[in-house]
Amino acid sequence: MPELPDVEVYRKKMSKCVKGGKIKKAEVRDERAVKGPKTKKALAKLKGKSVEKIIRRGKNLFLKSPGGGWFAFHFGMTGAVECFSGKEKEPPYTKVLFSFESGKKLSYILKRMLGKIEAIESPKEYIKKKKIGPDALKAGYNVFEKEGENYTGGVKNFLMSQDKISGIGNIYSDEILFQSKVHPAAKTDELKGAGLKKLYRNTEKVLKEAIKKGADPRKLPRTWLLTNRKKDGKCPKCGGAVKKIKAGGRSAYYCVSCQKK
DNA sequence: AGTACCACCTGACGGC
DNA sequence: TGCCGTCAGGTGGTAC
């Protein structure tokens, strides 16, 4: 379930898991989870090495090994990581399994095969190639405003444009729009200053709160759209109908009375 | 530039 | 219970 908050939680889990221990081995259970033979070889070479650092930008994680080799982790729609002790049962859908000298294991999980681990030159090069814009929590209002004012399309599309601001996906864009009382199909450049500012504030608020709650929907406030984001859902604020439309090829849920166009 | 549609994969769920 | 259609928290390519 990986949007920015989820991936931030994964980053924390990974960082904790790799702490202090060298990698004993990296087992590739499904070749499709790994980009090309180059990546497979690079993973094999991790043996005996520690992990130097793990950083996140948007929905992407970058792992650095001491030799200077980098790996990009992407999670598609159903990817995740879990850190567990060697005695525990391995999580289902584990596609790559890292074992550490400490006894801990890190599982790279994919339910659908839409994500990948890839050996890369550097995050910089990868970010450039994939056109990944600044992280939604680091961009700052200046970037947000500049991009927003220049975007002539729908606001939900804008929030989800990874090349403008990275990290926001389908679920959290709906949440940000709901809390901002903005219709998902509203034109971005028509929001202007105050509207964009509100959108920005709610972007920060929603993402930060979600991270704080471990990106666990069950722990998120009931006043959020999130838990009512379904067929025949009711708006948690006004009790009105939650409707589903298509926006940017995705399902957008919104409250008909709170989010006017 | 922005959008619409398809493709990639496979699980989960609702309807019959 | 079982089969089937539909949808899905992402992205990349193509075509308009």
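The shown structure was predicted, so the numbers you read here are calculated from the model rather than taken from an experiment. Convention: sequence-line order gives letters A, B, ...; per-chain numbering from 1.
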What is the distance, to the nearest angstrom, from the CG atom on A:D174 to the P atom on C:dG9? 10 Å
Decide, yes or no, whether a salt bridge links A:E82 with A:K16 under the criterion of side-chain N to carboxylate O below 4.0 Å. no
Could you pull out all residues at least two apart from A:T188 that satisfy side-chain hydrogen bond (donor to acceptor under 3.5 Å, both in side chains)? none
Pair A:C83, A:C17 - check disulfide bond (SG atoms under 2.5 Å apart), show working. CA-CA 6 Å; A:C83 181; A:C17 210; 2.2 Å; yes
Do any pairs count as a side-chain hydrogen bond (donor to acceptor under 3.5 Å, both in side chains) and have a residue in residues 237-252 of chain A, sequence neighbours left out, and if so which ones? none
Which whole-number value in Å describes the distance from A:M77 CE to C:dT6 P? 17 Å
Contacts of type side-chain hydrogen bond (donor to acceptor under 3.5 Å, both in side chains), residue A:R229, not counting sequence neighbours: A:D174
Rounded to the Å, how far apart are A:K116 NZ and B:dA7 C1'? 14 Å
Calculate the interatomic distance between A:I176 atom CD1 and C:dG9 atom P; express it in whole Å. 15 Å
Round to the nearest Å and state the distance from A:K59 atom NZ to C:dG9 atom C1'. 8 Å
Contact pattern, 5' to 3', of nucleotides 9-16 of chain B - B, S or - by protein heavy atom under 4.0 Å: BBSS----
With sequence neighbours left out, what residues match A:F75 under ring pair (Phe, Tyr, Trp, His ring centres under 6.0 Å)? A:Y10, A:Y108
What's the closest nucleotide to the A:Q162 side chain, out of C:dT11, C:dA8, C:dG9? C:dT11
Could you state the atom-to-atom distance from NE2 of A:H74 to C1' of C:dG9 in whole Å? 11 Å
For A:N150, which contact category applies under a 4.0 Å heavy-atom criterion: base, sugar-phosphate, or nothing? sugar-phosphate
Reckon A:S251 touches a base, only the sugar-phosphate, or nothing at all at heavy-atom distances under 4.0 Å? sugar-phosphate
Give each protein N/O atom lying under 3.5 Å from an N/O atom of nucleotides 3-5 of chain B, with the pair distance.
residue: B:dT3; atom: OP1; partner: A:G154; partner atom: N; Å: 2.8
residue: B:dT3; atom: OP2; partner: A:Y151; partner atom: OH; Å: 2.9
residue: B:dT3; atom: OP2; partner: A:N157; partner atom: ND2; Å: 2.5

Starting at the 5' end of DNA chain B, what dot-bracket string do you get if Watson-Crick and G-U pairs under 3.5 Å are bracketed, crossing pairs use [ ], other-strand pairs use | and unpaired bases use dots? .|||||||.|||||||
Please collect all side-chain hydrogen bond (donor to acceptor under 3.5 Å, both in side chains) contacts where either partner lies in residues 60-70 of chain A, sequence neighbours excluded, each pair once. A:E52-A:K64
Residues passing the side chain to side chain contact (heavy atoms under 4.5 Å, CB included) test with A:K12, sequence neighbours excluded, are A:E8, A:I211
Pairwise C1' distance for C:dG9 and B:dG2, with rounding to whole Å: 23 Å
Integer-rounded Å distance: C:dC7 C1' and A:N170 CG: 12 Å
For the residue pair A:Y126 and A:F62, does the interplanar ring angle fall in the parallel (under 30°), tilted (30 to 60°) or perpendicular (over 60°) class? perpendicular
A:I109 CD1 to C:dG10 P, in whole Å, measures 18 Å
By the rule that ILVMFWY residues connect when side-chain heavy atoms come within less than 4.5 angstrom, directly or transitively, which residues belong alongside A:I109? A:Y93
Can you name the residues that form a side chain to side chain contact (heavy atoms under 4.5 Å, CB included) with A:I23, not counting sequence neighbours? A:L46, A:V51, A:F100
Pairs meeting criterion side-chain hydrogen bond (donor to acceptor under 3.5 Å, both in side chains) with involvement of residues 208-223 of chain A, two or more places apart: A:E209-A:K213, A:D216-A:R218
If you measure from the P atom in B:dC9 to the same atom in C:dC3, how many Å do you get, rounded? 25 Å
Choose from C:dG12, C:dG10, B:dG2 the nucleotide whose nearest atom is closest to any side-chain atom of A:E3. C:dG10
Under 4.0 Å between a side-chain N or O of A:R250 and OP1 or OP2 of C:dG9? no
